[in-house]
Amino acid sequence: MEPSANPDESARTSLELLYNISREFAAALDLHTVLQRVLKLSMENVGAVSGSIIVLDDAGQAIESAFLMHGKAYDQSVLNLRVTLENGLAGWVARQRQAVLVPDTSRDERWLRRPDDQFDRTGAKSAVGVPILSRDQLVGVMTLVHPSPGFFNVDNLALVRSIADQAGIAILNARLYAESQRRARVMTAVAESAAAITESLDLDVVLRRILDQILHALRVEAVLLALVDTHGAELEYRAATGFPIRSVVGLRTKLGKGIPGWVARNGLGAMTLDAYQDPRFDPDLDQWLHFHTRAAACAPIRSQGKVIGVLEALNPVEGGFATDDLAVLTEIGGLAGSAIRHAQLYESLQAAHQRYRDLFQDSINPILVTDWSGKLIEANRIAEQTTGLRGSMLQALNIAELHMLDENAVGPGFINLHAGEIVSYESSLNTVEGGEIPVQVFVRRILIDKVSYLQWIFDDITEQKNLDVQRHDLIAMIYHDLRAPLANIVSSLDVLTSFFPEDDGQSIKSIMKIIERSVGRIQRLTDSLLDINRLEAGQPIGNRQAIAPQDLINDAVDGVYWSAQSRGVKVEKVDIGQLPDVWGDADMLRRVLINLLENGIKFTPGGLTLEVGARPSGAMVQFWVRDAGPGIAPEDAVRIFDKHFRIIKENSVRGFGLGLAFCRLAVEAHGGKIWVDSKLGEGATFNFTVPVQKEND
């Protein structure tokens with residue numbers, strides 16, 4: 001602008017200009033529009049070819065900009081703005097808060113060097129830079145440029161300063177208005193997010209709504225949501241918007257990798273305005289998605305103080321991220337954490353209910369659920385089929401009407417079930433036709449929707465009962481049909497043996513002794529079979545008498561003498577001293593000791609010793625048999641007294657048959673207990689206790 005020859009006219013012109021400029025500024029509140037008008041009017045009135053305005057926040061960070069060249073607007077990248085503020089003339093003006101006139105940019109170090117500023121090119125320019133102030137608050141910097149050095153003068157600088165003074169208030173108002181609008185939008189978005197996110201308990205719906213709210217609140221190109229896996233080692237992308245969903249959902253990345261991994265590991269939010277300059281950024285995801293990340297904001301998703309995932313917003317649509325966008329994302333992340341946790345719990349609860357229903361309805365056993373009064377609440381299909389009763393008919397009954405309750409097992413008023421333990425007993429399940437099905441009942445306390453009920457499971461044991469009858473008949477047949485012939489054989493052997501002179505026929509007598517021992521063992525086996533049957537049926541021991549422990553041990557050792565001799569095993573009776581008499585069935589206890597001794601002989605290598613003895617143990621006498629065999633593994637020791645249990649070792653089967661099962665039943669029927677102490681490679685010691693005789697026995 002050429003200076004006027006008449007000073008009064010020049011002053012009038014300047015006043016009119018400033019008045020018109022102030023009117024222009026007051027006509028708009030949109031920050032971008034205000035910046036465009038300020039820059040355009042300034043360039044027109046000083047003859048500038050290009051110019052820029054950078055708007056700063058209270059922390060001195062660029063939040064908005066405008067750039068014109070030859071009347072056309074251009075966008076400046078966040079990186080260019082940062083570089084200009086750090087190294088260029090605008091940064092110097094902002095830091096010094098002073099206006100500056102640069103006649104030749106190629107000779108001023110404050111000017112940011114660009115390729116067209118070198119001395120061997122026609123790039124030298126003239127520039128002015130002024131701070132934009134409002135009430136002593138720096139709100140921006142304006143820079144005007146002409147391609148000819150020395151074009152601007154002090155009058156131009158003064159005019160630009162006057163325009164900047166007028167523009168300061170307008171820019172500050174527009175900035176505050178923009179911030180208030182953005183904050184109102186953000187607060188509305190957060191409020192809407194709280195309502196929308198918590199409106200559903202469907203996890204997929206919740207995740208989709210979280211992304212929609214972030215997309216609306218921050219106005220970004222894309223949003224990702226990833227959750228920490230159950231092992232806490234990886235992030236799994238569970239939802240995305242702005243990408244083809246199939247290309248990102250299900251992808252996994254290690255915790256600590258990339259900005260999301262860094263946020264998940266450290267529990268802190270992160271924001272970068274230039275992703276590829278951030279050392280935490282991992283470009284692998286961009287390559288996979290064919291996406292270019294310019295700027296990213298990432299916040300942790302927390303639930304109960306624990307990071308369960310991350311939210312990542314990418315590439316703001318307009319400019320860069322605002323300073324409080326990360327706080328907004330973090331706020332939504334807090335809402336998301338609660339909503340995701342609730343949805344996951346609901347999903348788990350639904351899955352648990354479905355699993356229970358599947359197990360309940362598909363069970364092969366009848367299952368009933370009752371309240372604590374015994375009133376039926378629910379029954380599965382097999383319960384209806386088995387009893388012949390349908391839903392409403394069943395629910396009108398009490399559990400006691402369907403089977404005979406064992407009050408000793410469940411207790412009065414089901415008191416024994418309050419501890420939560422499973423109680424089991426045998427009974428019969430009634431059917432609509434009046435029939436009875438033998439069942440094993442299992443009953444326990446369960447919780448359904450935090451309410452306590454009783455669950456009754458009935459296992460049909462009809463076949464087991466039939467087998468028990470057959471077994472009983474077989475044992476009775478064996479015992480009764482074999483007992484008489486065996487007795488005849490024993491008597492005949494005694495008669496035959498008496499025919500041989502004492503000094504003759506020793507070899508024949510030895511054979512006769514072998515026959516006698518074998519027959520005696522058969523007799524013990526048949527007696528044990530009968531005893532097992534009676535003891536399992538709960539029949540008490542009737543033939544009790546006072547027995548000297550030493551006599552029991554002597555008789556048992558005599559009974560296995562020839563077996564030990566034939567295997568080369570020495571049986572040693574340990575000095576037991578004086579012991580009180582025990583109270584029990586002499587023949588049964590003798591067979592217990594013989595069974596233990598025979599097992600010890602079987603597993604003790606020839607040339608080694610088998611020990612037997614007894615010691616006092618309170619109101620009991622403890623008998624023990626210690627062998628020198630291979631020992632018994634701990635997992636086998638707990639089952640060794642089960643009927644028909646076998647130890648499989650080195651491709652061979654070592655059996656204890658019914659012998660130890662009889663020993664357990666016999667000892668427990670006497671009121672004692674039986675156990676084994678053993679380590680592999682160190683032999684085994686079988687112990688059992690028998691009560692001593694009392695004064696009133």
Would you say L447 has more than 12 foreign heavy atoms packed within less than 6.0 Å of its CG? yes
Quick note, salt bridge (Lys or Arg N to Asp or Glu O under 4.0 Å) partners involving residues 419-441, not counting sequence neighbours, are E426-K465
With sequence neighbours excluded, residues passing side-chain hydrogen bond (donor to acceptor under 3.5 Å, both in side chains) with T370: W456
Any salt bridge between R252 and E234, counting N to O under 4.0 Å? yes
Can you list everything that forms a side-chain hydrogen bond (donor to acceptor under 3.5 Å, both in side chains) with K573? Sequence neighbours excluded, please. N554
For H403, give me all partners under side-chain hydrogen bond (donor to acceptor under 3.5 Å, both in side chains), at least two apart in sequence or on another chain. Y425
Could I get the full list of side chain to side chain contact (heavy atoms under 4.5 Å, CB included) partners for N398, not counting sequence neighbours? A400, E401
Shortest non-hydrogen contact between N416 and G411, atoms and distance: ND2-N, 3.3 Å
Salt bridge (Lys or Arg N to Asp or Glu O under 4.0 Å) pairs touching residues 665-686, sequence neighbours excluded, are R664-E668
Rounded to the nearest 0.5 angstrom, the CZ-CE distance for R591 and M588 is 5.5 Å
Closest heavy-atom pair and its distance - V667, I674: CG1-N, 4.1 Å
Could you check whether atom CG of L608 has more than 12 heavy atoms from other residues, nucleotides or ligands sitting under 6.0 Å from it? yes
Which pairs would a plain distance check flag for residues 616-624, meaning a side-chain donor or acceptor within less than 3.5 Å of a matching protein atom at least two apart in sequence or in another chain?
residue: Q622; atom: NE2; partner: N687; partner atom: OD1; Å: 3.1

Using side chain to side chain contact (heavy atoms under 4.5 Å, CB included) as the criterion, list what pairs up with P366, not counting sequence neighbours. I382, A383, T386, F458
Reported OG-to-CG distance for the pair S427 and D406, which is rounded to 0.5 angstrom: 8.0 Å
Mind jotting down which residue pairs meet the salt bridge (Lys or Arg N to Asp or Glu O under 4.0 Å) criterion with at least one end in residues 454-464? Sequence neighbours excluded, please. none
Please enumerate all residues that pass ring pair (Phe, Tyr, Trp, His ring centres under 6.0 Å) together with W372, with sequence neighbours excluded. H418
Pairs in or reaching into residues 616-634: which pass salt bridge (Lys or Arg N to Asp or Glu O under 4.0 Å), with residues at least two apart or in two chains? E611-R626
I632 and A637: which non-hydrogen atoms are nearest, and at how many Å? CG2-N, 3.8 Å
Indicate the atoms forming the closest heavy-atom contact of V307 with R302, along with that distance. CG2-NH1, 3.7 Å
For S428, give me all partners under side-chain hydrogen bond (donor to acceptor under 3.5 Å, both in side chains), at least two apart in sequence or on another chain. none
CD-OG distance between Q440 and S424, expressed to the nearest 0.5 angstrom: 3.5 Å
